[in-house]
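This report concerns only the one structure given below.
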There are 2 protein chains.
Amino acid sequence: MAKESRRVAILEAASSIVSEKGIFNLTLEAVAKEAGISKGGLLYHFPSKEALVQGMVEHLAHNYRSKIARNVEDDPLDRGKWTRAFLNVTFNQGYPNKDMHAGLLAAKAVNPKLMLPLYQAYEEWQTNIENDGLDPIDATIIRLATDGIWLAELLELYNIDDQKKKAVYKRLHEWIQDLYLDAEKKKKEEN
Amino acid sequence: MAKESRRVAILEAASSIVSEKGIFNLTLEAVAKEAGISKGGLLYHFPSKEALVQGMVEHLAHNYRSKIARNVEDDPLDRGKWTRAFLNVTFNQGYPNKDMHAGLLAAKAVNPKLMLPLYQAYEEWQTNIENDGLDPIDATIIRLATDGIWLAELLELYNIDDQKKKAVYKRLHEWIQDLYLDAEKKKKEEN
DNA sequence: GTTACTATACTATCTGGACGGTATAGAATT
DNA sequence: AATTCTATACCGTCCAGATAGTATAGTAAC
């Protein structure tokens, strides 16, 4: 198999184990078995467990980051584009394999420093959301609520049924539109 | 030492280890050392690691639950009391030892079923918040944003500085007041 | 165009250390 | 006398990482 696709397959196997069986079952042997290769083969791609987890986080961060960047680029409107992108990607364009989020849990458990790529991504998004041309506190609240959803799902802290989730999304989306109109109105008044 | 306070001291020691050194360093020996007792003494109070983690979650859930219940009781207003209590406890009355939240991480890692007490607490709060006499979707968004704050802190996913955090709290609090007035107005119009 | 060599991508196996849990004997506290 | 421990030793299991060997593909010298 080609190197890159094998790497991704391994990362997905590892994420699936963390997500379904917990971090204590993330052993190199288990990952190798899940990915359909030998333990040695796994160590060829990722020379240590830490390297494997690092790969998981980097993959996750890169995926999320590029999706949000894409949304920002494609947005016909400037004002509010980061807030909209963050909301839209989190609710509607999450990693097809939901398990991928488990990379965060793995990093937190194995070595918190490995979370750096995600941490940096969040710093970037937060800065952009605060300078998105909308009220920065309201925009931050929208981001926090969005995080609340996916973090609670990651930890399986509670179930929010799909209908309610959609209603929340709709309301947040409308709120962004209101903030947009407020800001535009204010701008006109200033001129 | 009295049995109950020894138990709590052990739970705090365990939480502190998870919070500062990660779940892989939560060994029975390490907890005993941190709590200043022997391994045998620890096993006297908690006959297994799973029992220890169960104790951590139950303690956390009980603490949170009783604080929210207290806030609800003390609230002079009926409408919105659960939403206010949830917001206020999470922002201003968290466990004095912040580490206690780590019980959630420990349970997620050791055995997700141990999260049941917290899961049930959340179900109760969500039900109450939806029937709090405010717009249920807006109230849910307030809860989600609140969760976003403490979950991100738990995972150390990003830093939100204290000033911004206070501004967010203030805005959420004002929002609840607006929702209160909206609901009261609507009620009067109906009569 | 076959032989020799090299790099890549693995497999199979072993080892050393750590950890959970058990056991036991006894000491201090209440 | 019962409870609440301390101290220590031990067993079985598990796992990360190391090591050595294998398969395959390409490359290049002759």
Side-chain angles (χ1 to χ4, degrees), chain A residues 1-57 59 102-103 105-114, chain B residues 1-57 59 102-103 105-114:
Chain A
M1 200 187 278
K3 193 165 185 175
E4 195 49 34
S5 70
R6 180 67 94 192
R7 267 182 64 99
V8 173
I10 291 170
L11 295 174
E12 281 173 351
S15 301
S16 146
I17 288 172
V18 173
S19 179
E20 281 162 34
K21 297 177 183 167
I23 186 68
F24 286 122
N25 290 302
L26 185 76
T27 67
L28 297 180
E29 267 180 30
V31 172
K33 193 179 171 190
E34 177 80 21
I37 59 171
S38 73
K39 191 178 165 185
L42 167 60
L43 283 164
Y44 172 78
H45 288 282
F46 299 97
S48 70
K49 195 177 190 174
E50 195 158 319
L52 173 63
V53 174
Q54 186 177 356
M56 292 168 78
V57 178
H59 187 69
L105 286 181
K108 177 75 185 162
V110 169
N111 180 357
K113 286 180 187 167
L114 298 176
Chain B
M1 199 186 278
K3 193 165 184 173
E4 193 49 33
S5 70
R6 180 68 93 192
R7 268 182 63 99
V8 173
I10 292 170
L11 294 173
E12 281 173 351
S15 300
S16 147
I17 288 172
V18 173
S19 180
E20 281 162 35
K21 298 177 182 167
I23 186 70
F24 286 122
N25 290 301
L26 185 76
T27 68
L28 296 180
E29 266 179 30
V31 173
K33 192 180 171 190
E34 177 80 19
I37 59 170
S38 72
K39 191 177 167 184
L42 168 60
L43 284 163
Y44 173 77
H45 288 282
F46 299 98
S48 70
K49 194 176 189 172
E50 193 156 323
L52 174 64
V53 173
Q54 186 176 357
M56 292 168 78
V57 178
H59 187 70
L105 286 181
K108 178 76 184 161
V110 169
N111 180 357
K113 284 181 187 165
L114 298 177

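Predicted, not measured: the structure shown is a model, and the values here were computed from it. First the proteins, then the strands, lettered A, B, ... as listed; each starts at 1.
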**Report entry** Those residues that, when tested against A:E20, pass side chain to side chain donor-acceptor pair (under 3.5 Å) (two or more places apart)
**Finding:**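 For A:E20 there are no side chain to side chain donor-acceptor pair (under 3.5 Å) partners, ignoring immediate neighbours.
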Provide a list of protein-nucleic acid N or O atom pairs under 3.5 angstrom, restricted to nucleotides 15-17 of chain C.
none

Inset, instruction - Mind checking side-chain contact (heavy atoms from CB on, under 4.5 Å) for B:V53 and listing every partner two or more places apart, or none if nothing turns up? - result: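 By the side-chain contact (heavy atoms from CB on, under 4.5 Å) rule, B:V53 matches B:L26, B:M56, B:A106, B:A107, B:V110, B:L114.
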**Prompt:** So what does B:L52 touch, heavy atoms closer than 4.0 Å: a base, only the sugar-phosphate, or nothing?
**Reply:**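 Touches nothing.
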Note to self: Is the phosphate of D:dC5 approached by B:R6 (side-chain N or O, under 4.0 Å from OP1 or OP2)?
What the structure shows: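 Answer yes for this pair, as a side-chain N or O of B:R6 is under 4.0 Å from OP1 or OP2.
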Quick check on D:dC5: is either OP1 or OP2 less than 4.0 Å from any side-chain nitrogen or oxygen of B:H45?
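Yes, because at least one side-chain N or O of B:H45 sits under 4.0 Å from OP1 or OP2 of D:dC5.
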When you match A:P47 and A:F24 each to their closest nucleotide on DNA chain D, which lands nearer the 5' end?
->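 Looking at DNA chain D, the more 5' nearest nucleotide goes with A:F24.
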Enter the distance from [X]:[atom1] to [Y]:[atom2] here, rounded to the nearest 0.5 Å.
X	Y	atom1	atom2	result
B:L52	B:H45	CG	NE2	11.5 Å
B:L28	B:F46	CG	CZ	11.5 Å
B:H59	B:R7	NE2	CZ	9.5 Å
B:T27	B:N25	OG1	CG	7.0 Å
A:S48	A:L42	OG	CG	10.0 Å
B:E50	B:N111	CD	CG	4.5 Å

Side chains of residues 30-39 of chain A: which donor-acceptor pairs under 3.5 Å do they make with residues two or more places apart or in other chains?
residue : atom : partner : partner atom : Å
A:S38   : OG   : A:G40   : N            : 3.4
A:S38   : OG   : A:G41   : N            : 3.0

When you measure from the side chain of A:S16 to the backbone of A:E12, do you find a donor-acceptor pair of N or O atoms at a distance under 3.5 Å?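 Checking the backbone N and O of A:E12 against the side chain of A:S16, no donor-acceptor pair under 3.5 Å is found.
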Q. When you measure from every atom of DNA chain D, which of residues 28-35 of chain A have a heavy atom less than 4.0 Å away?
A.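 Per residue number, the list reads A:L28.
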Just how far, in rounded Å, is [atom2] of [N] from [atom1] of [X]?
X	N	atom1	atom2	answer
A:I23	D:dC15	CD1	C1'	14 Å
B:F46	D:dC5	CZ	C1'	15 Å
A:I10	C:dA9	CD1	C1'	11 Å

When you compare the protein's N or O atoms with those of nucleotides 11-13 of chain C, which come within less than 3.5 Å of each other, and at what distance?
residue : atom : partner : partner atom : Å
C:dT11  : OP1  : A:S38   : N            : 3.4
C:dT11  : OP2  : A:S38   : N            : 2.4
C:dT11  : OP2  : A:S38   : OG           : 2.0
C:dT11  : O5'  : A:S38   : OG           : 3.1

Point to revise | Nucleotide nearest A:L43 when distance is taken to its side chain, options D:dC5, C:dG20, D:dA18 | key: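 My answer, after comparing the listed nucleotides, is D:dA18.
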